[in-house]
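No hydrogens, no waters, no symmetry mates; every other heavy atom, side chains included, goes into these values.
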Amino acid sequence: MPMPSPPHKSAPVKPGAKSSGDFGDPRLTNVELRPVASDQRRLTLTDVAVLWGAAAIGPTTYAAASLQVGWRTGLVIVCCTSVLVAILTQPLGRTAVRYGLGFVAVSRAAFGVQGARLPIVLRLLAGVAGVAFVSAELGGWTARLVIAALPIAGIGDGPWGRYGAWVGGAPYVVLAWWVAKGGMARVRRVSRVALTAAVLIAFALVVWAGIASRGFGDGLSRPGAFSWGEVWRGAALVALPLFANLASCSDWLRFRVANDAQRGGCRPWLWRLVPLCMAPVAVGLAFVGVLLMSSARAVGDTARASPIPDAASFGGVGAGGVAVLLCLALWLAAAPLFGLYSSALAVCGLWPRRVGFGRGLSVCLAGAVVLAPLFAATGVGGRVVVALLAAIAAVVGVLLADELVVRRGRVLLDELFTFGRHYGPWLGVSGGGLVAVAVGGVLHPEVVPLVQRGLTAAANQSPALRYLVGEGALGLGCFGSLAVAAVVYVAWAPAERKAIAACKRYWAGRRQGSPARLESSATTDVTNPHWMADKDD
């Protein structure tokens with residue numbers, strides 16, 4: 001008869017960490033950042049599938065299939081990009097599910113407890129800027145629709161695109177803030193309802209568009225002018241917001257049920273396939289965009305690549321109002337979790353001792369409300385968001401390399417929440433992650449045009465080179481930055497740790513011993529009870 005395994009021994013308490021059952025150094029953790037115990041995890045397979053579907057929602061997904069390559073090629077681009085991102089989620093979510101760790105703690109394993117401030121700040125800025133930009137766009141169209149009540153052919157004209165964005169966009173931000181304030185319990189319920197409502201409203205709009213344009217017009221029969229530059233650009237437009245969601249997927253995957261008893265007999269391979277829910281949602285939204293834009297061109301001879309003006313072009317104020325409901329449903333399915341919830345946790349990661357989730361959420365709300373009219377007035381919102389999202393692509397490359405090659409699924413849990421000697425040994429900063437992000441940043445979209453000009457001049461303006469580096473600069477910067485950052489991190493991080501180990505052996509007088517490795521989050525004796533309550537606050 002096999003002997004039972006000995007009870008787990010907790011890791012030694014680090015200098016500066018609290019005792020009496022508290023977890024980690026108070027300068028690095030609070031209740032929102034702690035690992036989630038197994039009995040606190042209540043996201044079922046259906047919940048996770050809905051949240052992965054919500055991750056594929058975005059204005060770029062709606063407009064992706066309207067590129068010059070043609071709508072069929074555009075849908076293929078959307079499908080392939082979504083599947084690629086879904087495959088990348090497998091390693092990034094492994095540590096979150098096993099140990100109950102969020103984005104802040106996972107990023108510390110690659111960048112160090114202090115160096116992790118870089119990816120945390122990037123994720124915070126991208127989340128707040130994304131909420132501000134999208135709410136300004138939706139708010140501007142909503143304000144013009146409500147105020148104009150005129151022939152909708154002029155819905156895109158007038159000053160309301162600049163000055164009405166805050167008035168129309170503020171309710172979107174406040175609603176997202178209210179949902180995020182209730183934590184994962186409220187987010188998962190609202191996402192279910194909102195995604196279901198979005199499907200029904202989109203179906204009604206498509207039927208309306210088909211009747212109004214008598215078959216969606218000739219937009220579906222026009223051949224596309226295929227070019228690799230447009231393919232690269234389309235793939236990047238779909239992938240960039242998905243990369244931001246991918247980087248912070250640990251924030252909600254840590255609430256996924258962790259053992260067979262909680263799964264209720266669910267087979268493990270189903271959990272591995274559930275991120276693929278992004279693909280049908282993204283393709284469906286892109287196809288709805290194709291039909292609405294084609295109908296808008298047929299009736300109003302113009303398309304704005306946004307549901308509200310497209311619907312108003314073929315259906316007047318009534319169709320525009322239905323499109324507002326569609327945008328609101330899509331917004332509530334995605335924005336609270338990926339725009340505000342993860343951003344608030346990033347604020348907690350920057351100032352764990354001083355900022356809790358509620359205050360962090362208020363900071364994100366204030367930032368989005370302030371940036372929305374600024375983006376609408378200056379017109380730089382899209383460029384700022386793309387720049388931030390492209391920078392996150394390098395961070396995703398580092399996290400993937402750290403999970404697959406360097407750590408290989410293992411983690412020293414105690415060291416992520418203390419100023420330890422393993423993660424970030426040089427004053428809490430791991431040079432490998434920072435160097436990899438810096439090198440990957442060479443392919444940033446703001447830098448690639450400079451490279452393109454130099455290469456085209458050297459190649460005497462070769463057409464092939466212009467397509468590869470010029471028109472496809474956004475795609476090259478997006479995917480190239482991820483790949484380069486991953487390769488640099490794999491080459492740098494092991495060498496850095498070997499050098500540090502050699503230095504430590506040389507200075508033999510330093511403290512000896514190694515923290516215990518926790519193989520299961522059930523043994524951590526820490527919990528995050530506030531955000532998975534059965535009832536909302």
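- Between the side chain of S135 and the backbone N or O of A132, at least one donor-acceptor pair lies under 3.5 Å.
- Among all heavy-atom pairs drawn from A346 and I120, the shortest one is O-CG2, 3.2 Å.
- For the pair L434 and G115, the tightest heavy-atom approach, listed with the atom from each and the gap, is CD2-O, 3.9 Å.
- Residues L285 and L330 are in side-chain contact: their nearest non-hydrogen atoms beyond the backbone lie under 4.5 Å apart.
- E32 contributes no side-chain N or O that, together with a main-chain N or O of G356, makes up a donor-acceptor pair within less than 3.5 Å.
- Rounding to the nearest 0.5 angstrom, the gap separating the CG atom in L332 from the CG atom in L175 is 5.5 Å.
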Q) side-chain contact (heavy atoms from CB on, under 4.5 Å) between V442 and V484: does it pass, once the steps are laid out? A) CA-CA 9 Å; V442 174; V484 169; over 6 Å; no

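- For residues 107-121, the side-chain hydrogen bond (donor to acceptor under 3.5 Å, both in side chains) pairs, not counting sequence neighbours, are Q114-R117.
- Residues L399 and A247 share a closest heavy-atom pair of CD1-O, 4.3 Å.
- Of all non-hydrogen atoms in V347 and C364, the two that sit nearest each other are CG2-SG, 4.0 Å.
- Distance CD/E403 to CG/L88: 12.5 Å, rounded to 0.5 Å.
- The side-chain heavy atoms of Y489 and F111, taken from C-beta on, include no pair separated by under 4.5 Å.
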(Q) side-chain contact (heavy atoms from CB on, under 4.5 Å) for S342 and F103? Distances and angles first, verdict last. (A) CA-CA 8 Å; S342 292; F103 170 69; over 6 Å; no

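- In this structure the side chain of L361 never reaches within 4.5 angstrom of the side chain of L365, judged on heavy atoms.
- In this structure, F357 and Y341 have tilted ring planes: the angle between them lies in the 30° to 60° band.
- In this structure the side chain of R94 reaches within 4.5 angstrom of the side chain of L404, judged on heavy atoms.
- Atom-to-atom distance recorded for T89:OG1 and L400:CG is 9.5 Å, nearest 0.5 angstrom.
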Q) Are R192 and D47 close enough, and set up right, to give a salt bridge (charged side-chain N to carboxylate O under 4.0 Å, His left out), and what steps lead you there? A) CA-CA 8 Å; R192 278 189 176 190; D47 296 325; 2.9 Å; yes

Q.
For L253 and L92: C-alpha separation, side-chain torsions, deciding distance, then whether side-chain contact (heavy atoms from CB on, under 4.5 Å) applies.
A. CA-CA 10 Å; L253 282 178; L92 283 184; over 6 Å; no

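- The CG atom of L340 sits 11.0 Å away from atom CG of L345, with the distance rounded to the nearest 0.5 Å.
- Distance check: S248 OG to N245 CG gives 6.0 Å after rounding to the nearest 0.5 Å.
- The main-chain N or O of A286 is never found under 3.5 Å from a side-chain atom of T61 such that the two would form a donor-acceptor pair.
- Two residues are said to be in side-chain contact when any heavy atoms from C-beta on lie closer than 4.5 Å; L33 and P352 meet this criterion.
- Side-chain contact between R254 and V106: absent, with no pair of heavy atoms (C-beta onward) separated by less than 4.5 Å.
- Counting only distance, with no hydrogens or angles, the side chain of W252 and the backbone of L337 share no donor-acceptor pair below 3.5 Å.
- The stretch residues 343-356 participates, sequence neighbours left out, in no side-chain hydrogen bond (donor to acceptor under 3.5 Å, both in side chains) pair at all.
- Here the closest heavy-atom approach between residue A105 and residue L416 is recorded as O-CD2, 3.6 Å.
- With a 4.5 Å cut-off on side-chain heavy atoms, C348 and N30 count as touching.
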Q | CA sep, side-chain torsions, deciding dist, call: F243, L246, side-chain contact (heavy atoms from CB on, under 4.5 Å) | A | CA-CA 5 Å; F243 280 149; L246 175 62; 4.0 Å; yes

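- At a threshold of 4.5 Å between non-hydrogen side-chain atoms, the residues R98 and V411 do not count as touching.
- Side chain of R407 to backbone of T95: no donor-acceptor contact under 3.5 angstrom is found.
- In this structure, CZ in F338 is found 7.5 Å from OG in S191, a value given to the nearest 0.5 Å.
- A donor-acceptor pair under 3.5 Å is formed between the side chain of R186 and the backbone N or O of W178.
- Across all non-hydrogen atoms, the minimal contact from V488 to A436 is CG1-CA, 3.7 Å.
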